[in-house]
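Beneath this line is the structure, given in structure tokens, with notes to follow.
These figures come from a predicted structure and were not determined experimentally. Side chains included, hydrogens not; waters and symmetry mates left out as well; all remaining heavy atoms used. Order of listing sets the numbers, starting from 1, for every ligand and every atom in it.
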Amino acid sequence: MRLLNVAGRAVLETAEGRVDVATASSGRFGPGPQDLFEVWDAFRSWVRTARPVPVGAIDGPLAAPVPRPPQVFAVGLNYGSHAEETGLAVATDRPLVFTKFSSSIAGPEGDLVLSGDQVDWEVELVIVIGRPARRVAPEQAWEHVAGCTVGQDFSDRAVQMQGSPPQFSLGKSFPGYGPLGPALVTPEQFADRDDLALRCQVNGETVQEGRTSLMIHPVARLVSLLSWICPLGPGDVVFTGTPDGVGMGRKPPRYLKPGDTVVTTIEGIGTMIHRCVAGSEVHQ
Ligand code: ZN
């Protein structure tokens with residue numbers, strides 16, 4: 001199943017076309033995508049049995065398929081190649097976890113307002129929780145995942161590295177710094193849900209290329225470990241880390257400038273496109 005957020009409404013993307021969830025279910029599900037995660041199992045079985053079909057064209061701007069996640073987890077240094085390029089020591093027994101505050105969530109297309117001159121890109125697989133997860137074993141963890149989407153963990157490196165010791169969350173939480181989309185895709189849609197190709201391009205040049213099979217802590221382990229500390233609930237999201245090729249790791253470093261276009265793609269999910277624009281305010 002592929003789920004879109006078209007102008008705030010949950011929309012199924014089927015081979016025959018787009019289906020508005022609230023209309024097709026006579027108001028039982030929806031209208032927004034965030035409403036679905038609380039009743040995810042019932043919604044999935046309705047889709048399977050009702051097999052709703054399109055009744056007309058549905059157009060409008062795409063927004064984040066998970067527009068208001070209650071909790072946003074993000075994992076740093078989860079690919080060996082990226083940990084190396086940052087020069088930061090990587091502990092392989094436990095993941096490095098921080099948050100992107102939920103006001104950073106945005107849609108899969110549009111402008112990215114730059115907060116400064118050290119804003120960097122990070123393509124990431126983002127997983128969305130369906131069934132509540134509390135102290136689940138890795139073997140059961142995927143059963144709690146509603147689906148996967150493409151994410152960008154845009155990062156203002158100057159703000160991220162401020163302070164001693166630095167905290168990662170604020171520099172990654174400016175408005176628009178956590179775009180999601182274009183679709184939420186359920187895990188059974190993938191030939192191998194643990195081996196998806198991810199790519200980031202800036203102005204047409206491929207700057208990041210990797211596979212999710214190279215994660216140090218794979219999805220099942222991340223969900224399990226997080227669930228032992230924080231109960232995970234419907235609509236929570238986890239940014240699972242980025243492969244190498246970020247701007248900070250380059251010599252000299254390279255960051256986003258007004259006018260740049262960032263294209264972010266994951267195999268089997270789709271592509272997000274963001275255009276960088278100058279911010280009008282300077283942060284402290
Ligand atoms: Zn990241």
Side-chain angles (χ1 to χ4, degrees), residues 64 66 69 71-92 94-106 108 112 114-116 118-128 148-163 165-181 196-202 207-219 221-223 225-226 236-250 253-256 262-266 269 272 274 276:
V66 195
Q71 301 191 93
V72 182
F73 299 91
V75 179
L77 309 179
N78 199 21
Y79 291 78
S81 57
H82 172 58
E84 247 169 59
E85 72 179 347
T86 63
L88 296 168
V90 57
T92 52
R94 293 276 147 174
L96 169 65
V97 180
F98 53 93
T99 191
K100 290 173 80 71
F101 294 102
S102 62
S103 54
S104 67
I105 300 297
L112 174 74
L114 299 174
S115 56
Q118 293 184 44
V119 180
D120 206 345
W121 54 83
E122 295 192 356
V123 54
E124 306 204 3
L125 176 71
V126 172
I127 56 121
V128 185
C148 303
T149 191
V150 182
Q152 256 292 351
D153 180 13
F154 285 122
S155 304
D156 184 323
R157 301 299 187 197
V159 179
Q160 180 187 347
M161 299 304 176
Q162 258 171 13
Q167 51 74 31
F168 284 8
S169 298
L170 286 175
K172 293 165 172 276
S173 293
F174 286 91
Y177 278 30
L180 301 174
L196 306 176
L198 17 68
R199 186 172 68 235
C200 177
Q201 294 167 301
V202 178
V207 288
Q208 288 188 283
E209 203 153 37
R211 304 198 69 88
T212 59
S213 52
L214 298 173
M215 286 182 194
I216 296 170
H217 306 284
V219 168
R221 180 171 157 77
L222 290 175
V223 170
L225 283 171
L226 289 170
D236 287 346
V237 299
V238 183
F239 284 72
T240 58
T242 199
D244 63 303
V246 301
M248 179 179 67
R250 291 163 188 263
R254 172 180 168 188
Y255 296 114
L256 293 170
V262 181
V263 174
T264 313
T265 304
I266 297 182
I269 303 176
M272 304 196 295
H274 296 95
C276 300

Ring pair (Phe, Tyr, Trp, His ring centres under 6.0 Å) involving Phe98 - partner list, sequence neighbours excluded: Phe168

Name the one of Gln201, Arg254, Arg199 that satisfies side-chain contact (heavy atoms from CB on, under 4.5 Å) with Val207? Arg254

Listed by chain and number, what are the side-chain hydrogen bond (donor to acceptor under 3.5 Å, both in side chains) partners of Gln167, not counting sequence neighbours? none

For the Zn ion (ligand 1), report each protein N, O or S atom nearer than 2.8 Å, sorted by chain and then by residue number. Glu122 OE1, Glu124 OE2, Asp153 OD2

In the structure I gave you, are the side-chain heavy atoms of Met215 and Val75 within less than 4.5 Å of one another anywhere? no

Hits for side-chain hydrogen bond (donor to acceptor under 3.5 Å, both in side chains) against Gln152, two or more places apart or cross-chain, chain-then-number order -> Thr264

Are the side chain of Ser155 and the backbone N or O of Asp120 linked by a donor-acceptor pair below 3.5 Å? no

